[in-house]
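As a basis for the values below, the full set of heavy atoms in this structure was taken, side chains included, without hydrogen atoms, waters or symmetry mates.
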Amino acid sequence: MRYDLVIFDNDGVLVDSEPISNRLLAGYLTELGHPTSYEDSIRDYMGSAMHRVHDLVLERTGRRLPEDFDEVFHARVFAAFERELRPVPGVTDVLEKLAADGVPYCVASSGSHERIRVGHRTTGLDRWFTDERIFSSEDVGRGKPAPDLFLYAAERMGVAPGRCVVVEDSPLGVQAAVAAGMDVYGFTAMTPPERLADAGRLFADMGELAGLLV
């Protein structure tokens with residue numbers, strides 16, 4: 001194994017949540033008078049913390065989102081997760097291999113701790129991610145594309161940044177990993193490869209990942 005720690009993004013990498021959450025985000029923003037297509041949401045918000053949604057809407061329109069925006073949005077997302085969410089195909093095989101080989105791994109997500117745990121509990125991935133393996137943008141001052149979250153995860157896991165590899169599917173996440181001085185593998189199942197061009201390796205099928213890591 002060439003790395004001492006594998007850091008997974010969550011949405012779109014471990015759980016197949018991006019189609020669900022971006023569909024709902026686009027719909028809610030449109031409902032509030034900020035016309036947003038699914039494609040717009042993917043382009044502008046995929047991989048980011050919620051503060052980016054607030055910041056971009058304010059920057060573009062001069063209007064703030066409602067104070068209960070996050071609460072309402074997450075309630076809709078969690079309800080949809082219960083009905084629709086699945087693990088990314090092939091990811092359980094990757095986790096099984098890492099565990100069998102004794103390779104440390106964790107998740108570092110722009111999503112809240114609650115969102116991560118709801119998704120893992122719904123999909124059965126909670127068996128692989130105990131509390132000490134879960135890191136959220138809530139734990140640091142700045143979310144992706146700042147490197148803070150990945151650096152925090154590495155520090156808590158006791159691994160130097162240069163010995164880490166990040167598995168990401170968003171341009172913001174790739175930027176954060178590069179800024180943290182970590183290798184990054186870009187997962188292109190939902191994201192056009194050219195948008196992840198700064199990643200060191202690209203792959204489209206999660207089943208390929210285990211072979212790439214050795």
Student: So which pairs with a foot in residues 69-81 pass side chain to side chain donor-acceptor pair (under 3.5 Å), sequence neighbours left out?
Tutor: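 Every pair satisfying side chain to side chain donor-acceptor pair (under 3.5 Å) with a residue in residues 69-81: Glu31-Arg76, His54-Asp70.
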
Student: Would you say that Arg2 contacts Val165 through its side chain, given a criterion of any heavy-atom pair below 4.5 Å between the two side chains?
Tutor: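 No, every pair of side-chain atoms sits at 4.5 Å or beyond.
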
Student: With side chain to side chain contact (heavy atoms under 4.5 Å, CB included) as the criterion, how do Glu39 and Asn22 come out once you've worked through the C-alpha distance, each side chain's angles and the decisive distance to 0.1 Å?
Tutor: CA-CA 8 Å; Glu39 291 76 19; Asn22 282 282; over 6 Å; no

Student: Going from OG on Ser170 to CG on Leu196, what distance comes out if it is rounded to the nearest 0.5 angstrom?
Tutor: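 The OG atom of Ser170 sits 7.5 Å away from the CG atom of Leu196.
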
Student: Hey, are Glu114 and Ser112 close enough side-chain-wise for a donor-acceptor pair under 3.5 Å?
Tutor: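 Distance-only check fails for Ser112 and Glu114.
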
Student: Excluding sequence neighbours, so at least two apart, what forms side-chain contact (heavy atoms from CB on, under 4.5 Å) with Arg86?
Tutor: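 Expected list: none.
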
Student: Under 30°, 30 to 60°, or over 60°: which ring-plane class applies to Phe135 and Tyr152, parallel, tilted or perpendicular?
Tutor: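 Aromatic pair Phe135/Tyr152 classed perpendicular.
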
Student: Does the ring of Phe78 carry Arg115 above it, NZ/CZ under 6.0 angstrom from centre and within 45° of its axis?
Tutor: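 Arg115 over Phe78 ring: no.
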
Student: Contact between Val13 and Met206 at the side-chain level, heavy atoms closer than 4.5 Å - yes or no?
Tutor: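 When only atoms from C-beta onward are counted, Met206 and Val13 do touch, with a gap below 4.5 Å.
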
Student: Quick one: list whatever passes side chain to side chain donor-acceptor pair (under 3.5 Å) with Asp131, sequence neighbours left out.
Tutor: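 For Asp131 the side chain to side chain donor-acceptor pair (under 3.5 Å) partners, ignoring immediate neighbours, are Arg117.
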
Student: Scan the side chains in residues 177-193 for donor-acceptor partners under 3.5 Å anywhere in the protein, sequence neighbours excluded, and list what turns up.
Tutor:
residue: Asp183; atom: OD2; partner: Tyr3; partner atom: OH; Å: 2.6
residue: Tyr185; atom: OH; partner: Tyr3; partner atom: OH; Å: 3.4
residue: Tyr185; atom: OH; partner: Leu212; partner atom: O; Å: 3.4
residue: Thr188; atom: OG1; partner: Phe203; partner atom: O; Å: 3.2
residue: Thr191; atom: OG1; partner: Asp169; partner atom: O; Å: 2.5

Student: How about Arg43: does its CZ atom have over 12 heavy atoms from other parts shown lying under 6.0 Å from it?
Tutor: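 Yes.
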
Student: Distance from Leu202 atom CG to Glu208 atom CD, nearest 0.5 Å?
Tutor: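 Leu202 atom CG to Glu208 atom CD measures 10.5 Å (nearest 0.5 Å).
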
Student: Taking atom CD as the centre, does Glu194 end up with more than 12 heavy-atom neighbours from other residues, nucleotides or ligands that are less than 6.0 angstrom away?
Tutor: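 Atom CD in Glu194 is crowded, with more than 12 foreign heavy atoms closer than 6.0 Å.
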
Student: Which atoms form the tightest heavy-atom contact between Ser136 and Gly111, and what is the distance?
Tutor: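 So the two residues come closest at OG-O, 2.7 Å.
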
Student: Check residues 90-102 and write down every donor-acceptor pair under 3.5 Å in which the side-chain atom is one partner and the other belongs to a residue at least two apart or another chain.
Tutor:
residue: Lys97; atom: NZ; partner: Asp101; partner atom: OD2; Å: 3.0

Student: Can you find a heavy atom in the side chain of Val53 that is under 4.5 Å from one in the side chain of Leu65?
Tutor: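 Yes, side chains in contact.
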
Student: To the closest 0.5 Å, what do you measure between OG1 (Thr130) and CD (Glu132)?
Tutor: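 Between Thr130 OG1 and Glu132 CD, I get 3.0 Å after rounding to 0.5 Å.
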
Student: Is any side-chain heavy atom of Tyr28 less than 4.5 Å from a side-chain heavy atom of Val77?
Tutor: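 The answer is no; the side chains never approach within 4.5 Å.
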
Student: Could you tell me which residues satisfy ring-ring contact (aromatic ring centres under 6.0 Å, His included) with His34, sequence neighbours excluded, listed by chain and number?
Tutor: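 Scan of His34 (ring-ring contact (aromatic ring centres under 6.0 Å, His included), adjacent residues dropped) gives none.
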
Student: When you compare the side chain of Val167 with that of Val6, does any pair of heavy atoms fall below 4.5 Å?
Tutor: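 Result yes, sub-4.5 Å side-chain heavy-atom pair found.
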
